[in-house]
Amino acid sequence: MNEVIKTLTNHRSFRHFDDREIPTEQLDAILTSAQAAPTWIHGQQVSVIVIKDKARKQTLASLCGNQKHIIEAPVFLIFCADFYRTKLASKIEQIPMEAIHDVDMLLVGATDVGISLSNAIAASESLGLQIVPIGGIRKNPIEVVEYLNLPEYVIPICGLCIGYGYNDPGHNPRLPKEAFIHQEVYNKDQEQIIHTYNKTYQEHQRKLTDHENPPTWTARVASFYKGKHYNDRYPHVASMLKKQGFTCDDI
């Protein structure tokens, strides 16, 4: 197994960081790696906002649901799907940008962000740094848009804390490969696989929390997704999308 695969398969998310700063050359390498990720039609529909200022991290931590690791981490990156430059290109060429109203633009932007984010994670961990992605950047997205001065057609998708982590949580066990890998067609017969995984997941959580009977994976996931808008965790995403120009008129 080569070093790249070792880094990728050894991933874990840290939620505690000490106060050491990340060397400038390392942060530059991480951001360069993120920008080097492939994008749809080479449209480069991703922008990254670098947050180091402690006061700004505190504000963003609050907007993300009071996640203190955003404050602790020396660097907080915010990955945005960015079609503002596409709009500028359309303006330069005097061509209308009607495709922005197509729901597929959201898939394009989110996919490009995901690939870029993955590059940043791999680069960070290869340098001996630790990370945790922050989906909570979408918890109060309109406030985030205004706080970051995001123009039309730019939307925050995910944050990323990077730093020197401690309190290693260990490797979170994944579903069995039979649930993840499908040969030729999708295999819908997964219930027994998931029941078996519940036991593995519970045992891992028992070691982490010292709880005798921690929730199963299915209980955790079902509880999270049981209500409209994720139990009101992310109730303003649709409003933010419309505010930023993503109308999805084709639905």
task: With side chain to side chain contact (heavy atoms under 4.5 Å, CB included) as the test, would you mind laying out the steps for Ile193 and Leu175 before giving the verdict?
output: CA-CA 8 Å; Ile193 296 172; Leu175 285 159; 5.6 Å; no
[X] vs [Y] side-chain heavy atoms within contact, under 4.5 Å:
X: Gln190; Y: His182; value: yes
X: Ile78; Y: Leu60; value: yes
X: Lys52; Y: Val50; value: yes
X: Pro38; Y: Ile115; value: yes
X: Cys80; Y: Val113; value: no
X: Pro133; Y: Ile121; value: yes
X: Asn10; Y: Arg12; value: yes
X: Ser90; Y: Pro96; value: no

Interatomic distance, [X] atom [atom1] to [Y] atom [atom2] [nearest 0.5 angstrom]:
X: Arg56; Y: Ile70; atom1: CZ; atom2: CD1; answer: 13.0 Å
X: Cys248; Y: Asp102; atom1: SG; atom2: CG; answer: 8.0 Å
X: Ile51; Y: Thr59; atom1: CD1; atom2: OG1; answer: 10.0 Å
X: Ile134; Y: Cys158; atom1: CD1; atom2: SG; answer: 7.5 Å
X: Gln45; Y: His42; atom1: CD; atom2: NE2; answer: 10.0 Å
X: Leu148; Y: Glu143; atom1: CG; atom2: CD; answer: 11.5 Å

Heavy atoms only: give me the nearest [X]-[Y] pair and the separation to one decimal.
X: Gly159; Y: Ile137; value: N-CG2, 3.9 Å
X: Asp82; Y: Thr86; value: O-OG1, 4.3 Å
X: Gly135; Y: Tyr234; value: O-CE2, 3.4 Å
X: His101; Y: Thr247; value: ND1-OG1, 2.8 Å
X: Lys139; Y: Pro235; value: O-CD, 4.3 Å
X: Gly245; Y: Glu152; value: CA-OE2, 4.2 Å

Crowding at [atom1], [X] (>12 non-hydrogen neighbours, <6.0 Å):
X: Tyr84; atom1: OH; result: no
X: Asn149; atom1: CG; result: no
X: Gln26; atom1: CD; result: yes
X: Lys87; atom1: NZ; result: no

Are [X] and [Y] linked, directly or through other ILVMFWY residues, by side chains that come within less than 4.5 angstrom of each other?
X: Tyr166; Y: Ile71; answer: no
X: Val132; Y: Leu208; answer: no
X: Phe79; Y: Ile142; answer: yes
X: Val108; Y: Ile41; answer: yes
X: Ile157; Y: Leu107; answer: no

Does the [X] side chain pair with the main chain of [Y], one donor and one acceptor, at a distance under 3.5 Å?
X: Ser62; Y: Gln58; answer: no
X: Thr209; Y: Gln205; answer: yes
X: Thr32; Y: Ala29; answer: no
X: Gln130; Y: Phe14; answer: no
X: Arg138; Y: Pro156; answer: no
X: Arg85; Y: Val46; answer: yes
X: Gln202; Y: Pro214; answer: yes
X: Lys57; Y: Ala73; answer: yes
X: His69; Y: Ala61; answer: no
X: Glu72; Y: Phe17; answer: yes

task: Go through the steps to decide whether His11 and Glu125 satisfy the test side-chain hydrogen bond (donor to acceptor under 3.5 Å, both in side chains), and finish with yes or no.
output: CA-CA 8 Å; His11 164 73; Glu125 293 180 334; 2.7 Å; yes
- request: Please lay out, stage by stage, how Asn172 and Arg174 fare under the test side-chain hydrogen bond (donor to acceptor under 3.5 Å, both in side chains).
  value: CA-CA 6 Å; Asn172 231 345; Arg174 267 39 178 185; 5.7 Å; no
- prompt: Step by step, would you call His236 with Val144 a side chain to side chain contact (heavy atoms under 4.5 Å, CB included)?
  reply: CA-CA 11 Å; His236 306 300; Val144 169; over 6 Å; no
- request: Can you label the angle between the Trp217 ring and the Tyr197 ring as parallel, tilted or perpendicular, going by 30° and 60°?
  value: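 Judged by the thresholds at 30° and 60°, the geometry between Trp217 and Tyr197 is perpendicular.
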- prompt: How are the rings of Phe83 and Phe246 set relative to one another: parallel (under 30°), tilted (30 to 60°) or perpendicular (over 60°)?
  reply: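 Rings of Phe83 and Phe246: perpendicular, over 60°.
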- request: Please assess Val145 against Ile155 for the test side chain to side chain contact (heavy atoms under 4.5 Å, CB included), listing each intermediate value before the final yes or no.
  value: CA-CA 7 Å; Val145 163; Ile155 53 177; 5.8 Å; no
- prompt: In chain order, what residues pass the salt bridge (charged side-chain N to carboxylate O under 4.0 Å, His left out) check against Glu203, with sequence neighbours excluded?
  reply: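 Expected list: Arg206.
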Trace of the side chain to side chain contact (heavy atoms under 4.5 Å, CB included) decision for Leu77 with Ile49: CA-CA 6 Å; Leu77 305 182; Ile49 299 177; over 6 Å; no
task: Please write out which residues are connected to Ile181 in a hydrophobic cluster, directly or through intermediates, given that two of Ile, Leu, Val, Met, Phe, Trp, Tyr count as joined at side-chain heavy-atom separations below 4.5 angstrom.
output: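 Same cluster as Ile181: Phe180.
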message: Between Asp112 and Gln44, is there a side-chain donor-acceptor contact under 3.5 Å, judged purely by atom types and distance?
response: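 Note: Gln44 and Asp112 side chains miss the donor-acceptor criterion.
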